[in-house]
Amino acid sequence: MGAAMRRVHVGNALSAFGLGFTVPYLYVYVAQVRNLGAVTAGLVLAVFAVAALVVLPFAGRAIVRRGPLPVLLASLVTAAVGALSLGLASGASAVLLSAALLGAGQAVMQPALATMIVDCSTAETRSRAFAMQFFLQNLGLGVGGLIGGHLVDTSRAMSFTLLFAIEAAMFLLLVGVMATVRMPRAPKLDDAAPQGGKASWKQLLENRAMVQLCVLGFVLFFACYGQFESGLSAYGVEAAGIAPSTLGTALAANTAVIVVAQFAVLRFVERKKRTRVIASVGLIWAVAWAAAAYAGLGHGSRAMATATFISTYGLFGLGEALLSPTVAPLVADLAPTGLAGQYNSAFALVKQLALAVGPAIGGPLAASLPGPYVVTFLLCSLGITVLALRLGRHLTPAQDQPSAKSRVVTQGTAALSERAEVSPSGV
């Protein structure tokens, strides 16, 4: 791992660590601590999504033109200002404006850091690089949330101001860490590549494999991440009778499975086709939704329902561990030379759309119709399997399984070396 890649991974860990201090407590802070009510708290969460949807279409082109590092530094400063002002804001207007700044900064960080990983890695090392990124993100969020939980006091607004100040400090610390990094020279755009923003988006939409991957990505995020803090939580409390405190245990189980399994599954992932790995995630998540159905609709004991519901989050974590070294490297490999930032931003945009739509649909459905809710998302998980297998038909062998290409090259090099040893002339 080169020095630049180490800095990038430190950046991922620091940004996730800072976010962990505030993400679990944002709703409570706005609704109860600042006494702005549940409606304003809901609007704040919506503003995060809207800000991301507004800035991401422009972020990709900026990364292509200016490089990922300047865009990352600008997003970090924006997020730091938003975090600090959110911790100090007391009125609804100030809170919403601060949330917009923080949401925009956070959204742009993702494709910028992902593009830096692409620039610092090769096709053969990219899966491990993105696995490390996902591992550090979850570890940072977990540790930050754990420490933040010991600092918050709903009777003292200043305790929350401290959390947001720590988050802003982490972003500014990351500015200092990344400002001196020496990135490898990014690949230049081909002369035939589209130069305008509309032209580059048109080229992306004409890439059939990328469009199918975006559709698959939408279903992935809609059926998993989009349900964690809304639909699945509501289903657990309302249908399964799970105690609210158990939700925290379930999320901890999800993080624990990711941390433990992330590098254990790498060897399996690298030996298989990427689309087959994604297809297996759909099957794992279908089992997870079946477990959720048993927890909420079965006739077992309260303890059995609780254990089964926690296992649902654990199975989701296993699927996430399989996806992290698979999907993000595939996005990079589908991007033409010099357009990785554009493609990363497009995929991040799809992710934000799914995260905005998922809670809006899942929450009300889980609360009112728990049976159709689990059936709907079980079918979505099986749809992931179908979409992944269809995507495999439009990928080249090198895109679907880069390790196979590297093994062929290694074996060919070894054979040439043996011939050279037998005959000095190499004939």
Side-chain angles (χ1 to χ4, degrees), residues 15-16 18-31 34 36-60 62-63 71 74-76 78-83 85-87 89 92-114 137 141 145 164 167 171 201 214-234 251 320 327-328 331 344-367 377 380:
S15 62
L19 289 171
F21 276 91
T22 61
V23 168
Y25 316 108
L26 186 60
Y27 183 91
V28 174
Y29 169 70
V30 176
R34 293 301 183 185
L36 296 176
V39 174
T40 303
L43 286 175
V44 166
L45 297 176
V47 164
F48 272 94
V50 172
L53 296 178
V54 170
V55 299
L56 281 172
F58 304 98
I63 292 172
V71 175
S75 69
L76 288 169
T78 302
V81 173
S85 60
L86 187 57
S93 299
V95 165
L96 293 173
L97 179 59
S98 302
L101 289 173
L102 180 57
Q106 288 179 13
V108 177
M109 283 182 213
Q110 299 177 31
L113 285 167
Q137 283 178 341
L141 282 170
F164 285 103
E167 181 181 28
F171 291 144
W201 278 101
C214 286
V215 173
L216 173 59
F218 181 89
V219 180
L220 283 168
F221 292 111
F222 175 75
C224 177
Y225 299 95
Q227 303 308 312
F228 269 8
E229 297 177 4
S230 58
L232 195 55
S233 298
L251 285 171
E320 293 173 73
V327 175
V331 173
N344 282 324
S345 295
F347 197 76
L349 180 63
V350 170
K351 176 182 177 180
Q352 289 297 328
L353 282 170
L355 294 180
V357 174
I361 294 177
L365 184 62
F377 286 95
C380 283

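- Nearest heavy atom pair, residue Glu167 against residue Ala83, reads OE1-CB, 3.6 Å.
- Rounded to the nearest 0.5 Å, atoms SG (Cys214) and CG (Leu220) are 11.5 Å apart.
- Residues meeting the side-chain hydrogen bond (donor to acceptor under 3.5 Å, both in side chains) test with Ser75, sequence neighbours left out: none.
- Annotation: side chain to side chain contact (heavy atoms under 4.5 Å, CB included) contacts of Val50 (sequence neighbours excluded): Val54.
- The two residues Gly231 and Ala366 come nearest to each other via the heavy atoms O-CB, 3.2 Å.
- Between Phe221 and Phe347, the ring planes are perpendicular. Angles over 60° get that label, and only those under 30° would be called parallel.
- For residues 344-360, the side-chain hydrogen bond (donor to acceptor under 3.5 Å, both in side chains) pairs, not counting sequence neighbours, are Thr115-Asn344.
- Although no hydrogens or angles enter the test, the distance criterion places no donor-acceptor pair under 3.5 Å between the side chain of Thr40 and the main chain of Gly37.
- A donor-acceptor pair is defined here as one N or O able to donate and one able to accept, closer than 3.5 Å; no such pair exists between the side chain of Tyr29 and the backbone of Thr22.
- With sequence neighbours excluded, the residues that form a side chain to side chain contact (heavy atoms under 4.5 Å, CB included) with Thr78 are Leu101.
- Closest approach of Val55 to Ala107, counting heavy atoms only: CG2-CB, 4.3 Å.
- Minimum interatomic distance between Ala79 and Met109 (heavy atoms only, all atoms of both residues): CB-CE, 3.4 Å.
- Contacts of Ala51 classified as side chain to side chain contact (heavy atoms under 4.5 Å, CB included), with partners at least two apart in sequence or in another chain: Ala104.
- Scanning for side-chain hydrogen bond (donor to acceptor under 3.5 Å, both in side chains) contacts around Gln106 gives an empty result, with sequence neighbours left out.
- Taking the side chain as every heavy atom from C-beta outward, Leu26 and Phe48 approach each other to under 4.5 Å.
- When all heavy atoms are compared, the tightest approach of Leu56 to Pro111 is CD2-CG, 4.0 Å.
- Listed for the Tyr225 side chain is no donor-acceptor partner under 3.5 Å among the backbone atoms of Ala354.
- For Phe222 and Phe377, the ring centers sit closer than 6.0 Å to each other.
- In this structure, Leu76 and Phe171 approach most closely via the heavy-atom pair O-CB, 3.8 Å.
- The only option from Leu86, Val81, Leu97 that meets the side chain to side chain contact (heavy atoms under 4.5 Å, CB included) definition with Leu102 turns out to be Leu86.
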